[in-house]
Amino acid sequence: MTLHRIAAAALLSVAALGLGTPTAWAHGAGGKPIPDSAHYLSQITGIDPPTPGLSATIDPRGEWIEVTNTTGKALTVLGYAHEPYLQITASGVAENQYSPTLQLNQSLFADLSQLGASTLPPLWRQTSAGHVVRWHDHRIHWMSAERPPAVKSQPKVGRVVGPWTIHMILGSQPVDIVGTLSWLPVKPSTNWFAIWILIGDFLGFAVAAGIGAWFLRRHRTRNPDPYAGGPDLASYRERLPQKLRP
């Protein structure tokens, strides 16, 4: 009975692991975890207008966006208040120290409603000599720990949450990076690695228990109970004197 109970408990543990769904997290303000990060997908749909020598890539989870400028012209990335934020020139990459976007991009969430444009002329500080700049941008990811209203009502339905745009100026020509943010429900996955470990442990225990039971039966066969089955009457009669035998 003990073996049966242990086996049942092991099988229930296997079933619980098989039904479990791993939770995906992203970093948040103060290092706190933000749920649902694996459900959001940020994508670049194009550069408008398409420009040879100008390209962009993005982290699918919206952690960063990267722009490469090999056009030979100065590229200025505009911030949330349409102020000069970043520049890629022949000398390299620089950031505007007076840009409000520079401070807001230091945290995952920011209150853009309180954003005010700087009235100071740009103060550029060079950060590299290359032609590639990568930064965290609040325009490309969902800005709340709460799900979008449409997603909250139907979380199992994939949908486009909305478009996003990053404005830039190449030389004197406006150019935009455009993209979309989507909600992609993640289906439950089975933790097969943990399941096989539990199955292996259960089978090992069952084999050990079977071997122990076999040795116990063998021991009892070699050493029978001398009182099992009552006295041996035939042997007792043979030891009696002839005249006393029945």
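Computed from a prediction, not measured in an experiment: that's the story for all the values here.
Residue Pro174 comes nearest to Pro49 through the heavy atom pair O-CD, 3.8 Å, listed as atom of the first residue, atom of the second, then distance. Residues Ser99 and Pro84 share a closest heavy-atom pair of CB-O, 3.6 Å. Of all the heavy atoms in Pro155 and Arg147, the pair that sits closest is CB-NH1, 3.3 Å. Residues Trp183 and Pro185 approach most closely at NE1-CG, 3.4 Å, considering heavy atoms. Across all non-hydrogen atoms, the minimal contact from Tyr40 to Pro148 is OH-CD, 3.1 Å. Across all their heavy atoms, Ala56 and Ile47 have their closest contact at N-CD1, 4.1 Å.
In this structure, Ile166 and Asp176 have side chains that are not in contact, with every pair of non-hydrogen atoms separated by 4.5 Å or more. No side-chain heavy atom of His39 sits less than 4.5 Å from a side-chain heavy atom of Leu184. Counting heavy atoms from C-beta on, the side chains of Arg159 and Gln154 come closer than 4.5 Å. With contacts defined as side-chain heavy-atom distances shorter than 4.5 Å, the pair Leu41/Leu181 does not qualify. Side-chain contact between Glu146 and Lys152: present, with at least one pair of heavy atoms (C-beta onward) separated by less than 4.5 Å.
Both Ile44 and Val133 are assigned to one and the same hydrophobic cluster, defined by single-linkage of ILVMFWY side chains at heavy-atom distances under 4.5 Å.
Tyr80 places no side-chain N or O within 3.5 Å of a backbone atom of Asp137 that could act as its donor or acceptor partner. Between the side chain of Gln126 and the backbone N or O of Ser91, at least one donor-acceptor pair lies under 3.5 Å. Distance alone, capped at 3.5 Å, is enough to place a donor-acceptor pair between the Thr45 side chain and the Val178 backbone. Although no hydrogens or angles enter the test, the distance criterion places no donor-acceptor pair under 3.5 Å between the side chain of Ser42 and the main chain of Arg61.
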Problem - Working for side-chain contact (heavy atoms from CB on, under 4.5 Å), residues Leu102 and Gln97 - result: CA-CA 7 Å; Leu102 184 64; Gln97 299 301 289; 4.0 Å; yes

Exercise for the section: Go through Thr51 and Leu170 one step at a time and tell me if the side-chain contact (heavy atoms from CB on, under 4.5 Å) criterion holds. Expected result: CA-CA 10 Å; Thr51 305; Leu170 182 63; 3.6 Å; yes

Exercise for the section: Apply side-chain contact (heavy atoms from CB on, under 4.5 Å) to the pair Met168 and Leu54, showing each step before the final yes or no. Expected result: CA-CA 11 Å; Met168 303 182 297; Leu54 186 63; 4.2 Å; yes

Problem - Test log, rule ring pair (Phe, Tyr, Trp, His ring centres under 6.0 Å), inputs His136 and Trp64 - result: CA-CA 4 Å; His136 179 83; Trp64 51 262; over 10 Å; no

Problem - side-chain contact (heavy atoms from CB on, under 4.5 Å) assessment of Ile88 paired with Leu86 - result: CA-CA 7 Å; Ile88 306 178; Leu86 299 169; over 6 Å; no

Practice task
Let me see the working for Gln87 and Thr76 under side chain to side chain donor-acceptor pair (under 3.5 Å), right down to the final yes or no.
Solution key: CA-CA 4 Å; Gln87 258 193 357; Thr76 302; 3.3 Å; yes

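The side-chain tip of Arg139 does not point at the ring of Trp164 from less than 6.0 angstrom away and within 45° of straight on.
For the atom pair Ile177 CD1 and Ile65 CD1, the distance stands at 4.5 Å (nearest 0.5 Å). Residue Leu120 holds its CG atom at 11.5 Å from CD of Glu83, rounded to the nearest 0.5 Å. Within the model, atoms CG of Leu75 and NE2 of His131 stand 11.5 Å from one another, a figure rounded to the nearest 0.5 Å.
Among Asn96, Thr101, Asn105, the one residue that satisfies the side-chain hydrogen bond (donor to acceptor under 3.5 Å, both in side chains) test with Tyr85 is Asn105.
Listed by chain and number, the hydrophobic cluster partners of Val132 come to none, as no ILVMFWY side chain reaches under 4.5 Å of it.
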